[in-house]
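Please read the structure below before turning to the comments.
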There are 2 protein chains.
Amino acid sequence: MGDKISLSDGAKSHGAKKGPGGRDRELSTLVATGEVSDPKSPRGRLLNAAAQLFQDKGYARTTVRDIAADVGILSGSIFHHFRSKEEILCQVMLEVTRVARARMAAAVSAEEDPRERVRACIRCELEAIHGLAVPGFPILVSEWRSLSADNQRLVLTERESYESIWISVLNNRPRGAGIADAQLARKLLLGALAHSHTWFKPRGRGLTLNALADQALLMVWQEG
Amino acid sequence: MGDKISLSDGAKSHGAKKGPGGRDRELSTLVATGEVSDPKSPRGRLLNAAAQLFQDKGYARTTVRDIAADVGILSGSIFHHFRSKEEILCQVMLEVTRVARARMAAAVSAEEDPRERVRACIRCELEAIHGLAVPGFPILVSEWRSLSADNQRLVLTERESYESIWISVLNNRPRGAGIADAQLARKLLLGALAHSHTWFKPRGRGLTLNALADQALLMVWQEG
DNA sequence: AACGCTACCAAGCAAGCGCTTGGTTATCAA
DNA sequence: TTGATAACCAAGCGCTTGCTTGGTAGCGTT
């Protein structure tokens, strides 16, 4: 099962190399389709600031005054863009999910080998977790309970396609490669990777992000 | 009086034994030495209530009024036992760590085989995470940032001996058993296990806690 | 010129927060 | 009896919080 991975669009940009110049072609596409707010618009700037603050200080410890100050407006003005503080969190999660999904789809389709695809998923999620793709990804795990049940359902729906990529990639592992159940392997892996946000420093000269990805790969894919 | 005492309450003298080893024996010892508060004392009841509330709702969303109401007193009375709300969190973390450490040490020393010792560690931590040992263990991961730097240092010191058990047990793995570096394996494992708190239901009829431990073992110990 | 729209300011409200204060009760030892 | 102490109540203080209100400046369209 899970031979093909359904990608939303055929036009994908592989590699997503970070460097000087346009960081992600996927992001521009998402902005163009309206799936993600323009980072230069007031709304986009607010969401980016909120994402960074929620990630750094936590949702509850971040005030709307913090967010407002970060983009240079007064706190009351925020509510011309969002109805409530929680809506900000919800929108951050939705947009982060869309960016992460687009990058993940591109990364997977750029690889052929099943094992390389798993590695690509891991590396891709690690990049998201450590802010190389978009700020705010760790919030999806750490601040989940800060959402109301309705908003949880909303984000969960948006997230399904992201997780389904993971599952189909993990299902392409051979027998005996480790944890058999892809759903279980995914959950354990998500916990392990997300937690790395608290201790892994990409700036450090010791372990690189790619090396960490290789080690994490050993958890769900053994043998050669 | 309809007060509910959450866990490990019946150990009046040496009464309650659970399982072959007498699992609450460790708690009684810790209470006797003063390392952990008596669950029947006001302080112990407050700490237990706080631990459960912090775990369920999160530290920031739990008010001192919530904790007080849970044990049947008024909010102001709390501050005859603790100087601040954060001190409650800190004390919860310290005591939870001590209980977890004692249980872990007992679980490890009950096994001889290196692989069984790793499995025992995993099972032991899973039991702690899912409230079978003491309420509040997941707080150690999820609410770490709610502590001031000073209190973080305090808890970290108390925790060292707990982590050192993990490291020595993981270091007894043979070469080629998976992730070579014990420190790294431990961090990834902690993330994976702690995250299971959000999705694993011990009440569920599907995956048992022991089966989950076996699967988690596959992440750090391959080839039987 | 008049309009409509977006983005924002200035001021502040009501609620909830952690925590303080002064006093009361129960227990127990000398 | 007296005094010390632990445990708690009743009341509320000072502050922060998310959010509201009424108004304004700038801009493009008609």
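In the text below, chain A, chain B and the rest are named by the order of the sequence lines, each starting its count at 1.
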For this session: Mind calculating the distance between CZ (B:F79) and P (C:dG22) to the nearest angstrom?
Result: 17 Å
For this session: Decide whether B:T33 and B:E35 meet the rule of one side-chain donor and one side-chain acceptor closer than 3.5 Å.
Result: yes
Problem set entry | Rounded distance in Å - CD1 (A:I88) to P (D:dT17) | 14 Å
Exercise. Below 3.5 Å, does any donor atom in the side chain of B:R65 face an acceptor in the base of C:dG18, or the other way round?
Worked result: yes
Exercise. So, B:R61 versus A:S146: side-chain donor-acceptor pair below 3.5 Å or not?
Worked result: yes
For this session: Find the distance B:L89:CG to C:dG18:P and express it as a whole number of Å.
Result: 13 Å
For this session: Kindly confirm or rule out a cation-pi arrangement of B:K85 over B:Y59, judged by NZ or CZ under 6.0 Å from the six-membered ring centre and within 45° of its axis?
Result: yes
Problem set entry | Distance, rounded to the nearest Å, where A:K57 contributes NZ and D:dT17 contributes P | 8 Å
Listing time: all N or O pairs from protein to nucleotides 5-9 of chain D that are below 3.5 Å?
unit_1: D:dC8; atom_1: OP2; unit_2: B:H81; atom_2: NE2; d: 3.1
unit_1: D:dC8; atom_1: N4; unit_2: B:H80; atom_2: ND1; d: 3.1
unit_1: D:dC8; atom_1: N4; unit_2: B:H80; atom_2: NE2; d: 2.6
unit_1: D:dC9; atom_1: OP2; unit_2: B:L74; atom_2: N; d: 2.7
unit_1: D:dC9; atom_1: OP2; unit_2: B:S77; atom_2: OG; d: 3.1

Problem set entry | Spacing of A:R98 atom CZ and A:T29 atom OG1 [to the nearest 0.5 Å] | 14.5 Å
Exercise. How long is the line joining CZ of B:F82 and P of C:dG18, in whole Å?
Worked result: 15 Å
Exercise. Can you tell me how far the CG atom of A:L188 sits from the CG atom of A:L193, to the nearest 0.5 Å?
Worked result: 10.5 Å
Output side-chain donor-acceptor pairs under 3.5 Å for residues 128-141 of chain B, partner residues at least two apart or in another chain, one line each.
unit_1: B:H130; atom_1: ND1; unit_2: B:L126; atom_2: O; d: 3.0
unit_1: B:H130; atom_1: NE2; unit_2: B:S196; atom_2: O; d: 3.3
unit_1: B:H130; atom_1: NE2; unit_2: B:S196; atom_2: OG; d: 3.3

For this session: Round to the nearest Å and state the distance from A:K85 atom NZ to D:dT20 atom P.
Result: 15 Å
Seminar exercise, completed: note: A:Y59, atom OH; D:dG18, atom C1'; distance rounded to Å ~ 9 Å
For this session: Indicate, with a heavy-atom threshold strictly under 4.0 Å, whether A:S41 touches base, sugar-phosphate, or nothing.
Result: nothing
Problem set entry | d(CD1, A:I78; P, C:dA10) in whole Å | 16 Å
